[in-house]
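One structure is given below, encoded as structure tokens.
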Amino acid sequence: MNIEVKGINDVLVLKCNENIYFEEILKELNQLLEQPIFNQDSYYPRAFFDFGCRQLKDNELKNLIDIIQQKKKILFEGISIPHQYQHIDMNKEQIHNGEEIYVYQETLFLGIINTGGYVYCYHDVYFLNEVRGVIVAMNGDVKIYGHHFSHAQIIINRKILHDVTTSAFVSIYYKDNEIVCNEEDGYDKNHCFNFR
């Protein structure tokens, strides 16, 4: 199945696999609309299409609308497509004691941030490995994400959070004149990222 159908608030959400040819999606949609649930008299469910990170071309969108109009089985509720890819820089290096790194755009860190290493952030940062050093947010809008902080130090708007130690996924940000360290229990939605 390349189209997953879920009912949410009286709307059918058709989540389409973004990793196959679009023609396969159209073919499966054509077959799906022939199922008995879509062939009831005076029943026209509203349908919202979720294409994830797929960028639809004009002719693909036209072909989708054509099938919906030809079949006359659903009411087109809308479509979710990314407006642009979110670009994230990737830093694979380990940050050593005494080393200072400046981050001017959203960045994913793969290496360890050792004790005595400093990361100065002008934009959001993500840490996939251990953070033992100092992370300095250069403005109050910066968000810091990670899952393995070990006696790290976080500085935002001249406020300091000492000895941050956690093994859960956390987001750290500035709110109401305080640094907030919030444990995350899930992701709100799928995001489209383009790593450089």
Side-chain angles (χ1 to χ4, degrees), residues 4 6 8-9 13-20 48-56 78-196:
E4 181 182 346
K6 291 183 180 180
I8 300 174
N9 296 334
V13 176
L14 286 77
K15 186 169 172 59
C16 303
N17 184 341
E18 61 193 62
N19 298 315
I20 63 163
F48 181 85
F49 291 84
D50 181 3
F51 287 101
C53 291
R54 183 189 295 269
Q55 294 277 2
L56 289 185
I79 188 168
S80 170
I81 53 176
H83 298 289
Q84 66 182 37
Y85 283 105
Q86 188 171 352
H87 292 284
I88 296 182
D89 278 353
M90 191 180 317
N91 185 317
K92 300 176 185 178
E93 304 299 321
Q94 190 173 155
I95 310 302
H96 300 286
N97 183 8
E99 195 172 352
E100 295 180 343
I101 298 291
Y102 288 84
V103 175
Y104 295 100
Q105 48 201 10
E106 209 166 1
T107 303
L108 171 68
F109 283 86
L110 300 179
I112 294 171
I113 312 300
N114 287 298
T115 304
Y118 283 78
V119 177
Y120 295 93
C121 315
Y122 289 89
H123 214 296
D124 295 352
V125 287
Y126 306 85
F127 298 98
L128 290 185
N129 223 317
E130 188 175 10
V131 177
R132 292 180 282 207
V134 179
I135 311 302
V136 181
M138 301 305 282
N139 64 63
D141 296 328
V142 170
K143 291 183 178 63
I144 301 162
Y145 300 94
H147 69 89
H148 190 182
F149 291 90
S150 179
H151 306 289
Q153 189 176 38
I154 308 295
I155 302 171
I156 307 175
N157 276 2
R158 297 186 184 153
K159 300 279 184 180
I160 302 173
L161 197 58
H162 294 281
D163 202 30
V164 178
T165 302
T166 180
S167 59
F169 183 73
V170 295
S171 59
I172 302 170
Y173 53 91
Y174 191 75
K175 182 179 180 184
D176 298 330
N177 209 25
E178 300 264 331
I179 297 177
V180 178
C181 184
N182 188 28
E183 188 170 321
E184 300 286 335
D185 23 347
Y187 298 99
D188 56 343
K189 67 175 191 168
N190 291 331
H191 296 283
C192 303
F193 296 111
N194 182 19
F195 293 105
R196 289 186 274 173

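Of all the heavy atoms in A137 and V142, the pair that sits closest is CB-CB, 3.7 Å. The shortest non-hydrogen separation linking Q105 to H123 is C-CB, 3.5 Å. The nearest pair of heavy atoms linking G140 to I156 is CA-CG2, 4.3 Å. Minimum interatomic distance between V125 and V103 (heavy atoms only, all atoms of both residues): CG1-CG1, 3.9 Å. Taking both residues in full, the closest heavy atoms of E18 and F51 are given as CB-O, 3.7 Å, listed atom of the first, atom of the second, then distance. Residues L110 and N129 approach most closely at O-ND2, 3.2 Å, considering heavy atoms.
In this structure a side-chain-to-backbone donor-acceptor pair under 3.5 Å is present from D124 to K143. With hydrogens and angles disregarded, a donor-acceptor distance shorter than 3.5 Å links the side chain of T165 to the backbone of H151. Between the side chain of H148 and the backbone N or O of L128 there is no donor-acceptor pair closer than 3.5 Å. Under a 3.5 Å cut-off, the side chain of R54 and the backbone N or O of I20 do form a donor-acceptor pair. Listed for the N17 side chain is a donor-acceptor partner under 3.5 Å among the backbone atoms of N19. Not one N or O on the side chain of N97 forms a donor-acceptor pair closer than 3.5 Å with the backbone of G117. Within the 3.5 Å criterion, the main-chain N or O of F109 finds no donor-acceptor partner in the side chain of N91.
Side-chain contact between Y173 and N182 is present, with at least one heavy-atom pair separated by less than 4.5 Å.
Rounding to the nearest 0.5 Å places CD1 of I160 at 4.5 Å from CD1 of I155. Here L14 contributes atom CG and K6 contributes atom NZ; the two are 11.5 Å apart, rounded to the nearest 0.5 Å. The line from CD of E130 to NE2 of H147 is 10.0 Å long, rounded to the nearest 0.5 Å. Atoms NE2 and CD1, on H96 and I101 in that order, are 9.5 Å from each other to the nearest 0.5 Å. For the atom pair Y145 OH and Y126 OH, the distance stands at 5.5 Å (nearest 0.5 Å).
Taking the six-membered ring for Trp and thresholds of 30 and 60 degrees, Y102 and Y120 have nearly parallel ring planes, at less than 30 degrees apart.
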Please evaluate residues F149 and I144 with respect to the criterion side-chain contact (heavy atoms from CB on, under 4.5 Å), reporting the C-alpha separation (whole Å), side-chain torsions for both, the decisive distance (0.1 Å), and the verdict. CA-CA 11 Å; F149 291 90; I144 301 162; 4.1 Å; yes
Please assess I79 against L56 for the test side-chain contact (heavy atoms from CB on, under 4.5 Å), listing each intermediate value before the final yes or no. CA-CA 10 Å; I79 188 168; L56 289 185; 3.4 Å; yes
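Under the side chain to side chain donor-acceptor pair (under 3.5 Å) criterion, E178 pairs with no residue, sequence neighbours left out.
The 12-atom threshold is not exceeded at CD of E93, counting heavy atoms of other residues, nucleotides or ligands nearer than 6.0 Å. Within a 6.0 Å sphere centred on CZ of F48, heavy atoms belonging to other residues, nucleotides or ligands number more than 12.
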